[in-house]
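Input: a single structure, listed below in C-alpha cells.
In what follows, chains carry the letters A, B, and so on, assigned in the order in which the sequence lines appear, proteins first and then strands, with residues in each chain numbered from 1. These values consider heavy atoms only, across backbone and side chains, with no hydrogens, waters or symmetry-generated copies.
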Amino acid sequence: MSGAADPAPPVPGAPAGRLKKRRDFLRVASRGKRAARPGLVLQAAPGDPCLLRVGFTVTKKVGNAVVRNRARRRLKEAARLTLPGTGAIGWDLVLIGRDGTGARDFATLIADLRGALRQAGVTP
RNA sequence: UCAGACGGCCGGGCGGCCGCUGGCCCGCGAGCGAUCGCGGGCUGGAGGAAAGUCCGGGCUCCACGGGACUACGGUGCCGGUCAACGACCGGCGGGGGCGACCCCAGGGAAAGUGCCACAGAGAACAGACCGCCCGGACGGCUUCGGCCCGCCGGGCAAGGGUGAAACGGUGGGGUAAGGGCCCACCGCGCUUCCGGCAACGGCGGCGGCACGGCAAACCCCACCGGGAGCAAGGCCGAAUAGGGGUGGACGGCGAGGCGCCGAAAGGCGUUGUCGCAGGGGCGGUCCCGCCCUUCCGCCCGGGUUGGCCGCGCGAAGCCCGCAGCGAUGCGGGUUCCAGAGGAAUGGCCGUCCGUGCCCGGCAACGGGUGCGACAGAACCCGGCUUACAGGCCGUCUGGCGCC
C-alpha cells in the first residue's frame with residue numbers, strides 16, 4: 001500500500017477520513033463517549049485502527065440552512081487545524097454543532113475542541 | 001427645497017496566507033473491467049429572491065381498449081403576448097386620491113334552493129314608533145276670534161329616528177296633508193342609429209319605476225384538465241425470495257390429441273393443447289372486450305447494498321439595430337457562466353467603504369471600538385407570493401421660494 005520512497009503520508013499523525021453513513025453516526029452515538037463544550041459536542045468511539053474519521057452533525061434546531069452551514073464549516077476548519085497535531089488514530093469522531101458554534105470566537109472554539117478531545121480520552 | 005407617485009438597478013470592493021470542490025493537462029499507482037486513488041500546474045465555483053412549493057412547461061416512467069353516465073379540480077369583462085399559464089401587456093367598467101397614480105375573485109340573482117345577525121314600527125310582493133293632515137263628541141282655558149291637552153274614526157309616508165341596506169334621488173307643480181299623482185334633470189330598464197375587432201361608449205326615443213344585496217352559500221352556464229415525479233429513469237453488478245426454458249407430479253367440468261381393447265357403437269388409460277366455471281386486474285359505476293391465475297428439481301437471464309450515468313448549449317446571458325403605446329417579436333455580434341451527494345464556495349488577517357458609540361479638537365478632522373439585511377443551488381426553465389440593513393439612477397405630481 002504505502003511505498004517506501006513515495007510522497008506518502010506527510011504527517012505521521014493520521015490518514016483522515018469522513019464519516020458519511022448513517023449507521024456509522026448511529027454507532028458512534030450509541031457506543032461512544034460524549035464531551036460537551038459551549039461551542040460543540042464531541043462523540044468518540046473506537047474505529048478502524050489505521051484511520052481517524054470525523055463526521056459532522058448540525059440539526060435544524062440550531063437554525064436555518066445558512067446558520068447550519070456556517071456552524072458545520074467552522075467545525076470542519078477547527079478539526080482540520082487541530083486533529084493532525086494530536087497524533088490520535090483509531091477513532092471515529094462526531095462533532096455536533098450547537099447554538100453557539102457560529103458566533104463563538106474561533107480560537108475559543110479550537111480550545112473547546114481540544115478540551116473535549118482530552119475529556120473523551122482521544123488525546124492524553 | 002419639502003412632501004409624494006411610478007419604474008429600473010446594486011446588495012460590500014481590493015489584497016495576502018492556509019483549505020474544500022468541478023473541469024483540463026502532465027506524471028504515478030490500484031483493478032479482469034466499468035472505473036477509482038495520489039502528486040503537481042492552470043482555471044471555474046450561490047441568489048435576487050437560490051426561499052415558500054402556489055400555477056405553467058421541458059424531461060422521465062406508467063396508463064396510453066371502445067361507449068355511456070357520473071363525480072372531482074381549476075379558470076371566468078374584451079383584445080393581444082407567450083412553448084404554456086391562473087402570468088404579462090394594452091384597453092373597458094366600477095371604486096379611491098387635489099394630482100402623478102393606485103385598487104377590484106369583474107359571467108349568470110326574470111332556473112331553483114338558501115341567508116340577510118344586532119338595532120329598528122317595518123328587511124322583500126315589508127312597515128307606522130315619534131310625526132303631519134281631516135272629521136267628531138266630551139272636558140279644560142278664553143281677550144269670545146279661537147287655542148290647548150287627552151279620547152275616537154279616517155287619510156299620509158314628506159320630516160325625525162334605527163340600520164351595511166328602508167321599495168329611486170334633487171327641484172318644482174299639485175294637495176287637507178302627502179305620494180311618479182304630474183313635470184324637468186339625474187339614475188335604472190328596453191331600444192333605433194352612430195363609433196369601436198370587441199368589452200363598451202355616445203346622441204335620440206320609449207317605459208313612471210318594475211328587477212334590494214350575497215354566487216370567496218349551494219348552484220347554473222361556458223371553457224380547460226390522464227397519473228406520478230430526478231428517491232423520475234437508465235447502466236454495471238454478490239448471497240437469498242420472484243421471471244423464462246426444461247423434466248416430473250397433481251387436477252372441478254367439457255372438447256380435442258395419443259395409446260390399448262373392440263367388427264362397430266363405445267369403453268379404459270393418458271395428456272396443461274383449447275374452452276368453460278371459480279378467483280383477481282384494467283382511475284369510479286355499468287356493459288362489452290382484453291389480460292393473469294398449481295407444486296418440485298435443473299439450467300439461463302434480471303432487481304436490493306455499492307459505483308456510474310441522468311447533470312447543464314439553454315424557450316440561455318450580454319451589447320446593438322429594426323417593428324410595436326406595450327407585453328414581445330425579428331435580425332446581427334459576442335460569451336460559455338456552479339454541478340455537491342452526511343451534501344464544495346470556508347477559516348484567519350490587512351486595507352478601503354457605509355454607519356453607531358467613546359475620547360481629543362472652535363471646526364475641518366484624527367484616534368479607538370462595535371456593527372454590515374434577508375438568506376445557501378440539489379433535474380432544468382417561465383411566472384406568482386413572501387423576506388430584506390443600506391444605497392444609487394430616471395420619469396412624473398402637488399406645495400413653497402427665486403428669476
Could you give the side-chain donor-acceptor pairs of residues 115-123 of chain A under 3.5 Å, partners two or more places apart or in another chain?
unit_1	atom_1	unit_2	atom_2	d
Gln119(A)	OE1	Arg37(A)	NH1	2.7
Gln119(A)	OE1	Arg37(A)	NH2	3.3

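One finds a salt bridge joining Arg80(A) and Glu77(A) here, because a Lys/Arg side-chain nitrogen approaches an Asp/Glu carboxylate oxygen to under 4.0 Å.
Remark: G321(B) base-pairs with C330(B). Criterion, Watson-Crick or G-U wobble with two distances under 3.5 Å. For A264(B), there is no paired nucleotide, since no Watson-Crick or G-U wobble pair has both relevant distances below 3.5 Å. Judged by Watson-Crick or G-U wobble contacts below 3.5 Å, the nucleotide U369(B) has G356(B) as its partner. Across all strands shown, C274(B) forms a Watson-Crick or G-U wobble pair with G254(B), both key distances being under 3.5 Å. The base-pairing partner of A105(B), taking Watson-Crick or G-U wobble contacts with both distances under 3.5 Å, does not exist among the strands shown. If you check U246(B) for Watson-Crick or wobble pairing at under 3.5 angstrom, you find it paired to G297(B). Of all nucleotides present, none satisfies the Watson-Crick or G-U wobble test against C167(B) with each distance under 3.5 Å. Pair assignment for G161(B): none, as no Watson-Crick or G-U wobble contacts are both less than 3.5 Å.
Taking 90° from 0 as the syn/anti boundary, the base of G180(B) is oriented syn. Glycosidic conformation at G120(B) (O4'-C1'-N9-C4 for purines, O4'-C1'-N1-C2 for pyrimidines): anti, more than 90° from 0. For G312(B), the base is syn relative to its sugar; the glycosidic angle is within 90° of 0. A glycosidic torsion no more than 90° from 0 defines the syn conformation, and C337(B) adopts it. Classified by its glycosidic torsion, A34(B) falls in the anti category, the angle being over 90° from 0.
If you check residues 64-71 of chain A against RNA chain B, the residues with a heavy atom closer than 4.0 Å are Asn64(A), Ala65(A), Val66(A), Asn69(A), Arg70(A), listed by number.
Atom NZ of Lys76(A) and atom P of A344(B) are 6 Å apart (whole Å). Rounding to whole angstrom units, CG of residue Leu109(A) and P of G346(B) are separated by 17 Å. Separating the CZ atom of Arg74(A) from the C1' atom of G19(B) is a distance of 15 Å, rounded to the nearest angstrom. Between the P atom of G342(B) and the CG atom of Leu93(A) lies a distance of 19 Å, rounded to the nearest Å. Taking atom CZ on Phe56(A) and atom C1' on C20(B), their separation rounds to 12 Å, with Å as the unit. The interatomic distance linking Asp105(A) (CG) with C348(B) (C1') rounds to 11 Å, in whole Å. Rounded to whole Å, the distance from CZ on Arg72(A) to P on U21(B) is 13 Å. In this entry the distance linking CD of Glu77(A) with P of C17(B) reads 16 Å, nearest Å.
Atom C1' of C59(B) sits at a distance of 15 Å from the matching atom of C309(B), rounded to the whole Å. Comparing G16(B) with C337(B), their P atoms sit 22 Å apart, to the nearest whole Å. Between C322(B) and C200(B), the distance separating the two P atoms is 40 Å to the nearest Å. On the C1' atoms, C388(B) is 10 Å away from G48(B), given to the nearest whole Å. Remark: the separation of the C1' atoms in C206(B) and A177(B) is 34 Å, to the nearest Å. C88(B) and C115(B): their C1' atoms are spaced 39 Å apart (whole Å). Taking atom C1' in both C102(B) and G7(B), one finds a spacing of 15 Å when rounded to whole Å. Remark: the separation of the P atoms in G370(B) and A364(B) is 25 Å, to the nearest Å.
Residue order along RNA chain B, read from the 5' end via each residue's closest nucleotide, puts Arg80(A) first among Val94(A) and Arg80(A).
Both Leu75(A) and Leu42(A) belong to a single network of hydrophobic side chains, linked directly or stepwise wherever heavy atoms of I, L, V, M, F, W or Y lie under 4.5 Å apart. Hydrophobic clustering (side-chain heavy atoms under 4.5 Å, transitive across Ile, Leu, Val, Met, Phe, Trp, Tyr) keeps Val41(A) apart from Val58(A).
Contact annotation: Arg73(A) side-chain N/O to U345(B) OP1/OP2 distance is under 4.0 Å.
Residues that satisfy the side chain to side chain donor-acceptor pair (under 3.5 Å) test with Arg72(A), not counting sequence neighbours, are Asn69(A). Remark: Arg104(A) pairs with Asp112(A) by the salt bridge (charged side-chain N to carboxylate O under 4.0 Å, His left out) rule, at least two apart or across chains. Under the salt bridge (charged side-chain N to carboxylate O under 4.0 Å, His left out) criterion, Arg34(A) pairs with no residue, sequence neighbours left out.
Within the structure, side-chain hydrogen bond (donor to acceptor under 3.5 Å, both in side chains) contacts touching residues 88-102 of chain A (residues at least two apart or in different chains) are Arg27(A)-Asp92(A), Arg53(A)-Asp92(A).
Across all non-hydrogen atoms, the minimal contact from Ala79(A) to Leu95(A) is CB-CD1, 4.1 Å. Nearest approach of Leu81(A) to Phe106(A), heavy atoms of both residues: CD1-CE2, 3.8 Å.
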